[in-house]
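Comments concern the structure below.
As the structure is a computational prediction, the values presented were derived from the model and not from experiment. Numbered from 1 within each chain, the chains take letters A, B, ... in sequence-line order.
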There are 2 protein chains.
Amino acid sequence: MTQIKTQKLSASLEDYLEAIFNLAAKNAVARSKDIADQLAVSRASVTGALRALSKKGLIHYKPYDVVSLTEKGRVEAGRIIRRHTVLESFFKDILGLNPQLARESACRAEHALGQRVVGRLMKYIEFATIQTSAGNSRASEFAHFCKTQG
Amino acid sequence: MTQIKTQKLSASLEDYLEAIFNLAAKNAVARSKDIADQLAVSRASVTGALRALSKKGLIHYKPYDVVSLTEKGRVEAGRIIRRHTVLESFFKDILGLNPQLARESACRAEHALGQRVVGRLMKYIEFATIQTSAGNSRASEFAHFCKTQG
DNA sequence: TAATATAGTATGTTTTGCCTAACAATGCAA
DNA sequence: TTGCATTGTTAGGCAAAACATACTATATTA
């Protein structure tokens, strides 16, 4: 029992939570209108999502009030953001894709990959970033890296 | 104008096409029942999907008959299979994830990534597989590899 | 304080993808 | 060749996620 998992969020609710996190980080609070703009979705859709997130205990939501994350929501949002960041970094820094495409791809891929994969990918990025040479195969270097750094 | 693109398939239609390709490769023909089993959906759902794929000109479909791919469908299925294979290989051979998780992750991620990303990823796998040593950074080696092999 | 602009909500519809249950076709076996 | 099991289709529904339109609440400001 490594972690208590929040009953899994749908891809779209993850997007909403991510947007709320980002807006709150930038503007101190998140307003419904801004969420709608950021996700290019109607205000009506946002209301529905906010209610869903609230029911799951991830945000503080009261009609006509600003939105903020609960503790649980902050944790969950952190996970989501980390996933996004790792993927974007991989696409950009490792594969060398242009930033625009890297970001888009990260957005679309992030909902498909679980903790284990993302964790491993993160390690791989570290590995690939740090490591610069050596006489053995990539695979064995990476395996070794995982063991020693893990 | 490098390619005429089939109006984009939904994730689920891609899955159906992939399953049809695999079944046809294995059994010579694809039957509705087998598709349903492979994708773990009801037979009724398969009928709906077959109609959709047929309307897009990707399969030959007639009620109560076996299913086969059109030329267009074969091309499209090839793309999808390649994408899947590349991802699965990356997760398994590069990240070193267990085969089971690698396959699952590939299934879920494959719908999120476009040609450009998959192409680049494929090159990266080649690179990482072939390359065993050298004195320069991974990034520059890969960039060089892309230029020379590109 | 009343008018108006802005923000939020309710309602009803659409699309997509799946389901179950009932019905139809096919084909094998007695 | 009749009869039953298997396979395929149809019909009817449900749920998620989005939208547009219309209405309500709040805030601003004249």
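When each of B:Glu18, B:Glu110, B:Glu14 is paired with B:Arg83, the side-chain hydrogen bond (donor to acceptor under 3.5 Å, both in side chains) condition holds for B:Glu14 and for no other.
B:Leu50 places its CG atom 11 Å from the C1' atom of D:dT9, with the value rounded to the nearest Å. Here the P atom of nucleotide D:dT6 and the CG atom of B:Asp34 are 14 Å apart, to the nearest Å. Between the C1' atom of D:dT9 and the OH atom of B:Tyr64 lies a distance of 5 Å, rounded to the nearest Å. Counting to the nearest Å, the C1' atom of C:dG17 and the CD1 atom of B:Ile35 are 16 Å from each other. The distance from atom CG of B:Asp65 to atom C1' of D:dT6 is 17 Å, rounded to the nearest whole Å. When the C1' atom of C:dG8 is taken as reference, atom CZ of A:Arg31 falls 12 Å away, rounded to whole Å. One atom, NZ of B:Lys8, and another, P of C:dT16, lie 14 Å apart when rounded to the nearest Å. Atom CG of B:Leu23 is separated from atom P of D:dT7 by 14 Å (rounded to the nearest Å).
With respect to the salt-bridge test (charged N to carboxylate O, under 4.0 angstrom), the residues A:Glu76 and A:Lys56 do not qualify.
As judged by a 4.0 angstrom heavy-atom cut-off over every strand, A:Val41 is placed among residues touching the sugar-phosphate backbone only. Here A:Ala40 lies in heavy-atom contact (under 4.0 Å) with sugar-phosphate atoms only. A:Ser45 comes within 4.0 angstrom of a base, heavy atoms only. At a threshold of 4.0 angstrom between heavy atoms, the contacts of B:Ser42 include nucleobase atoms, whether or not backbone atoms are also involved.
Judged by closest nucleotide on DNA chain D, A:Ser10 is the one of A:Ser10 and A:Arg43 placed further toward the 5' end.
In this model, the phosphate group of D:dA16 is not approached by any side-chain N or O of A:Ser12 to a distance below 4.0 Å at OP1 or OP2. Regarding contacts with the backbone of C:dA10, every side-chain N or O of A:Thr47 stays at 4.0 angstrom or more from both OP1 and OP2. Between B:Tyr61 and D:dT9 there is a side-chain N or O to OP1 or OP2 distance below 4.0 Å.
Taking every side-chain heavy atom of B:Tyr16 into account, C:dC18 is the closest of C:dC18, D:dG8, C:dG8. Nearest to the side-chain atoms of A:Arg51 among the listed nucleotides C:dT9, D:dA18, C:dC18 stands C:dT9. Among the nucleotides D:dT10, D:dT9, C:dG8, the one closest to any side-chain atom of B:Ala44 is D:dT10.
A:His111 and A:Asp15 share a donor-acceptor pair across their side chains, judged by distance under 3.5 Å alone.
Using the six-membered ring where Trp is involved, B:Phe90 and A:Phe90 have ring planes that are tilted, between 30° and 60° apart.
Considering every non-hydrogen atom in both A:Leu87 and A:Ala109, the closest pair reads CD1-C, 4.1 Å.
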